[in-house]
Amino acid sequence: QVQLVESGGGSVQAGGSLRLSCTASGYTNRITCMSWFRQAPGKEREGVAAIGTGSGSTEYDDSVKGRFTISQDKPKNTVYLQMNSLKPEDTAIYYCAAATGWCGRSWPRGSIYNYWGQGTQVTVSS
């Protein structure tokens with residue numbers, strides 16, 4: 001089993017920054033990629049960014065490219081999401097997810113992930 005714990009959410013004004021953290025524990029050596037998803041009220045969950053834990057390769061949704069950066073600290077089993085130039089439309093609950101299989105171009109599909117965190121609220125005011 002793998003447990004994921006997110007932190008770092010909060011409220012910020014438009015144009016501001018936040019950094020989310022997701023720390024994994026348990027059988028972390030099984031994890032092949034980790035991603036951030038978000039879900040706004042009344043909207044479907046969407047993939048925001050992903051990172052291959054072995055290669056370090058990253059993927060981003062077009063809506064956050066150039067503003068968000070996903071990174072990892074492997075010794076700490078932690079993945080980060082640095083969010084800059086935040087917009088009100090970034091307001092959502094952000095979830096960390098971990099997969100034990102191949103992610104590749106399927107990374108935005110929630111069904112490929114085996115483990116999920118509890119979520120952390122991000123609110124951006126205009």
Side-chain angles (χ1 to χ4, degrees):
Q1 287 289 343
V2 172
Q3 295 78 40
L4 302 175
V5 178
E6 302 110 330
S7 62
S11 297
V12 65
Q13 289 190 328
S17 299
L18 284 173
R19 188 177 80 158
L20 306 182
S21 300
C22 173
T23 299
S25 61
Y27 293 102
T28 58
N29 59 327
R30 299 175 59 191
I31 299 173
T32 55
C33 74
M34 294 185 71
S35 298
W36 288 95
F37 285 76
R38 66 186 179 186
Q39 187 166 21
K43 295 188 176 181
E44 293 187 355
R45 182 179 59 193
E46 62 177 358
V48 175
I51 186 166
T53 56
S55 65
S57 61
T58 57
E59 298 281 353
Y60 296 92
D61 184 76
D62 286 345
S63 65
V64 305
K65 280 181 181 177
R67 300 189 299 122
F68 291 10
T69 302
I70 189 170
S71 61
Q72 63 178 343
D73 185 333
K74 296 181 74 172
K76 293 184 178 179
N77 292 317
T78 299
V79 170
Y80 303 98
L81 186 67
Q82 177 67 44
M83 305 185 294
N84 299 328
S85 302
L86 282 161
K87 305 175 181 179
E89 51 263 44
D90 295 318
T91 295
I93 299 175
Y94 284 70
Y95 298 91
C96 175
T100 58
W102 175 249
C103 288
R105 293 185 177 182
S106 297
W107 74 268
R109 292 171 47 198
S111 60
I112 70 169
Y113 295 89
N114 309 91
Y115 306 100
W116 292 83
Q118 80 286 355
T120 185
Q121 177 71 47
V122 171
T123 302
V124 185
S125 58
S126 57

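It should be emphasised that the depicted structure is a prediction, and the values quoted were computed from it without experimental measurement. Heavy-atom basis, side chains included; hydrogens, waters and symmetry copies ignored.
- Between Val122 and Gly9 the shortest heavy-atom distance is CG2-CA, 4.2 Å.
- Between Glu6 and Cys96, the shortest heavy-atom contact is OE2-N, 2.7 Å.
- Salt bridge status for Lys87 with Asp90: absent, with no side-chain N to carboxylate O gap under 4.0 Å.
- Side-chain contact check for Thr78 and Thr23: at least one donor-acceptor pair (N or O, by modelled atom type) lies under 3.5 Å.
- A continuous path of Ile, Leu, Val, Met, Phe, Trp and Tyr side chains, each step under 4.5 Å between heavy atoms, connects Val64 with Leu20, placing both in one hydrophobic cluster.
- One distance of note links CH2 of Trp102 with SG of Cys33; it measures 8.5 Å at 0.5 Å rounding.
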Check: side-chain contact (heavy atoms from CB on, under 4.5 Å) between Glu89 and Val124: does it pass, once the steps are laid out?
Finding: CA-CA 8 Å; Glu89 51 263 44; Val124 185; over 6 Å; no
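- A continuous path of ILVMFWY side-chain contacts below 4.5 Å connects Trp36 to Tyr60, so both sit in one hydrophobic cluster.
- Distance check: Thr91 OG1 to Gln121 CD gives 7.5 Å after rounding to the nearest 0.5 Å.
- Taking hydrophobic clusters as Ile, Leu, Val, Met, Phe, Trp and Tyr residues chained together by side-chain heavy-atom distances below 4.5 Å, Ile93 shares a cluster with Trp116.
- Distance check, rounded to the nearest 0.5 Å: CE of Met83 to CZ of Arg19 gives 11.0 Å.
- In terms of modelled atom types and a separation under 3.5 Å, the side chain of Arg30 and the main chain of Thr100 share no donor-acceptor contact.
- Nearest heavy atom pair, residue Leu18 against residue Gly10, reads CD1-O, 3.9 Å.
- Rounding to the nearest 0.5 Å places OG of Ser35 at 11.5 Å from CG of Asp61.
- Here the side chain of Thr58 pairs no donor or acceptor atom with the backbone of Ile51 at under 3.5 angstrom.
- Taking each heavy atom of Arg38 and Ser63 in turn, the nearest pair found is NH2-OG, 3.3 Å.
- Taken together through direct or relayed side-chain contacts under 4.5 Å among Ile, Leu, Val, Met, Phe, Trp and Tyr, Tyr94 and Met34 form part of one hydrophobic cluster.
- Hydrophobic clustering (side-chain heavy atoms under 4.5 Å, transitive across Ile, Leu, Val, Met, Phe, Trp, Tyr) keeps Tyr113 apart from Val48.
- Separating the CZ atom in Arg67 from the OG atom in Ser17 is a distance of 10.5 Å, to the nearest 0.5 Å.
- No side-chain heavy atom of Gln13 sits under 4.5 Å from any side-chain heavy atom of Leu86.
- A donor-acceptor pair is defined here as one N or O able to donate and one able to accept, closer than 3.5 Å; such a pair exists between the side chain of Thr53 and the backbone of Thr32.
- At least one side-chain heavy atom of Cys103 sits less than 4.5 Å from a side-chain heavy atom of Ile112.
- For Ala24 against Val2, the heavy-atom pair with the smallest separation is CB-CG1, 4.3 Å.
- Between Ala92 and Ala40, the shortest heavy-atom contact is CB-N, 3.8 Å.
- The structure places NZ of Lys74 at 11.0 Å from CD1 of Ile31, a figure rounded to the nearest 0.5 Å.
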